[in-house]
Amino acid sequence: MVVIGLKINISCSKQNGQTTMEIVTIETIKPSSPTPFHLRNFQLSLLDQLAPVCYGPLLLFYSINPQINHLKLTLSERSHLLKTSLSETLTRFYPLAGRIKDDTSIECNDEGVVFVETRVNCFLSTFLRKPDAQMIRKMIPVEIDSPEALSGSLLQIQINCFACGGLAIGVCISQKISDAITATIFIKDWAATAAGASSLLPLFNAAAIFPPRNFSFTKPASKLQKEAYITKRFVFEASKIAALKAKAASESVENPTRVEAVTGLIWKCAMNASRSNTEHFRLSILSQSVNIRRRMTPPLPEHTVWEPSRTLRFTGYRRRCRIGKLSLPAEKRDERFWRKLREETSRR
């Protein structure tokens, strides 16, 4: 493990009421072994090129269970284990330790990833009773729309240690190379490495399926209009979701998924709320990202690493909001779409 770090035992301004956070270390973790020369230039696929320049965030909570944590590792020992296993994992996910060189490739130069460690002065169980949105954002190592997604570390990690020993691990991966499935593959591999287990090797073959194109421009980092957004947390009990699914079922969608049922409800409520200042029915657009690996012909393995999320857009008015609008396109239609896209990209 190669670590470049700075320890700053100071109190920071990340606080909310009685809950405070202190940054302990900010380090750079590099792969445990250098990337071979023939792998130093990682080619992006066409879909990677078209992906937004931003980070995809994940926040994972882990409580301390004495029956499971039989090793009884101290906090410093767990921190060391996370760093060493991350360093080993980066040898397999070597593009994440590199930097975007241009709009067609990543230079896999082993510059490493950002690793932040903090201390939170409360118990994890107390925090989870009523999570605070502002504090949750502070547990993520970088802003989603940070320009670092284009010029800095493609992977940033923050380990938040609670007073009880529980952890909240914030992971941000650049959307130029990763979707939610890729992030899950990476986290599973990291966890397996920490546990001394084996895992599937990631597949980096997306550019062979969708070759990159020579664009004459570089898209800037995505910028969110933060003043126009607020964060709300809704908790749905399993029984309520089951009842909602039954209510949303129709001839066109006999068995809607939980995502379809809850999304349809929230979308309908949002459209109703939009009428508060007008008597007119306003057009509404909903975007939903979908994993396309299994929808291609032939299907791709789930451990294929790239940004293969197809964004579906649905439009509707308040009176016309039905769960059928959220149903995914038919498999044959998807098959025709991806075959045509592959044919077009292979010709250019």
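Among residues two or more places apart in sequence or in another chain, the salt bridge (charged side-chain N to carboxylate O under 4.0 Å, His left out) test is passed with R99 by E111. Partners of R258 by salt bridge (charged side-chain N to carboxylate O under 4.0 Å, His left out), not counting sequence neighbours: none found.
Heavy atoms of other residues, nucleotides or ligands lying less than 6.0 angstrom from NZ of K188 number 12 at most.
Between the T126 side chain and the C122 main chain, no donor and acceptor come within less than 3.5 Å of each other. Of the possible polar contacts, one joining the E77 side chain to the T74 backbone as a donor-acceptor pair under 3.5 Å is found. Panel note: side chain R92, backbone P202; no donor-acceptor pair is recorded below 3.5 Å. Remark: the backbone N or O of L167 is not paired with any side-chain donor or acceptor of R78 at under 3.5 angstrom.
Scanning all heavy atoms of the two residues, the minimum distance from C164 to L124 falls at SG-N, 3.3 Å. Listed here is the closest heavy atom pair of T182 and I177: CG2-O, 4.2 Å. Residue N160 comes nearest to G170 through the heavy atom pair ND2-N, 4.4 Å, listed as atom of the first residue, atom of the second, then distance. G166 approaches I64 most closely through the heavy-atom pair N-CG1, 3.8 Å. Nearest approach of V259 to T263, heavy atoms of both residues: O-OG1, 2.6 Å. Contact record, D102 with I100: O-CG2, 3.3 Å, taken as the closest heavy-atom pair.
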(request) In sequence, state the C-alpha distance, the side-chain angles, and the governing distance for S79 and E117, and then conclude on side chain to side chain donor-acceptor pair (under 3.5 Å). (result) CA-CA 8 Å; S79 174; E117 191 170 340; 2.8 Å; yes
(message) Set out, in order, the CA-CA distance, both residues' side-chain angles and the distance that settles side chain to side chain contact (heavy atoms under 4.5 Å, CB included) for F186 and L86, then state yes or no.
(response) CA-CA 10 Å; F186 167 77; L86 173 61; 3.6 Å; yes
(request) Using the side chain to side chain contact (heavy atoms under 4.5 Å, CB included) rule, take L155 and V171 through it: C-alpha gap first, then chi angles, then the decisive distance, then the call. (result) CA-CA 7 Å; L155 169 64; V171 180; 3.8 Å; yes
(request) Show the numbers, then the answer: is there a side chain to side chain contact (heavy atoms under 4.5 Å, CB included) between I169 and L59? (result) CA-CA 6 Å; I169 302 180; L59 186 58; 6.0 Å; no
(request) Determine, step by step, whether I173 and L154 satisfy the side chain to side chain contact (heavy atoms under 4.5 Å, CB included) criterion, reporting the C-alpha distance in whole Å, the side-chain angles of both residues, the deciding distance to 0.1 Å, and the verdict. (result) CA-CA 6 Å; I173 306 182; L154 299 179; 5.9 Å; no
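In this structure, T19 and V120 have side chains that are in contact, with non-hydrogen atoms separated by less than 4.5 Å. The side-chain heavy atoms of K245 and E260, taken from C-beta on, include no pair separated by under 4.5 Å. Proximity of K176 to V53: side-chain heavy atoms (C-beta onward) are separated by under 4.5 Å at one or more points. Using a 4.5 Å heavy-atom cutoff, the side chains of S87 and K30 are not in contact. W190 places a side-chain heavy atom less than 4.5 Å from the side chain of I157. Side chains of L44 and T104 form no contact here, defined as non-hydrogen atoms less than 4.5 Å apart. Between T91 and T35, every side-chain heavy-atom pair lies at or beyond the 4.5 Å cut-off.
Residue F234 is grouped with residue V262 when hydrophobic side chains (ILVMFWY) are merged at heavy-atom distances under 4.5 angstrom, including chains of intermediate members. Residues F123 and L60 do not share a hydrophobic cluster, defined by chaining ILVMFWY side chains whose heavy atoms lie under 4.5 Å apart.
Side-chain atoms of S153 and Q156 include no donor-acceptor pair closer than 3.5 Å. Side-chain contact annotation: K101 with N41, donor-acceptor N/O pair under 3.5 Å present. Judged purely by distance below 3.5 Å, without hydrogens or angles, the side chains of T20 and R119 never pair a donor atom with an acceptor atom.
A salt bridge links K83 with E27: the distance from a Lys NZ or Arg NE/NH1/NH2 to an Asp or Glu carboxylate oxygen falls below 4.0 Å.
Chaining together hydrophobic side chains whose heavy atoms lie under 4.5 Å apart places Y55 alongside V142.
Ring pair F61/F162 is tilted by interplanar angle, where 30° to 60° counts as tilted. Taking the six-membered ring where the residue is Trp, Y94 and F42 present perpendicular rings, their angle passing 60° and hence far from 30°.
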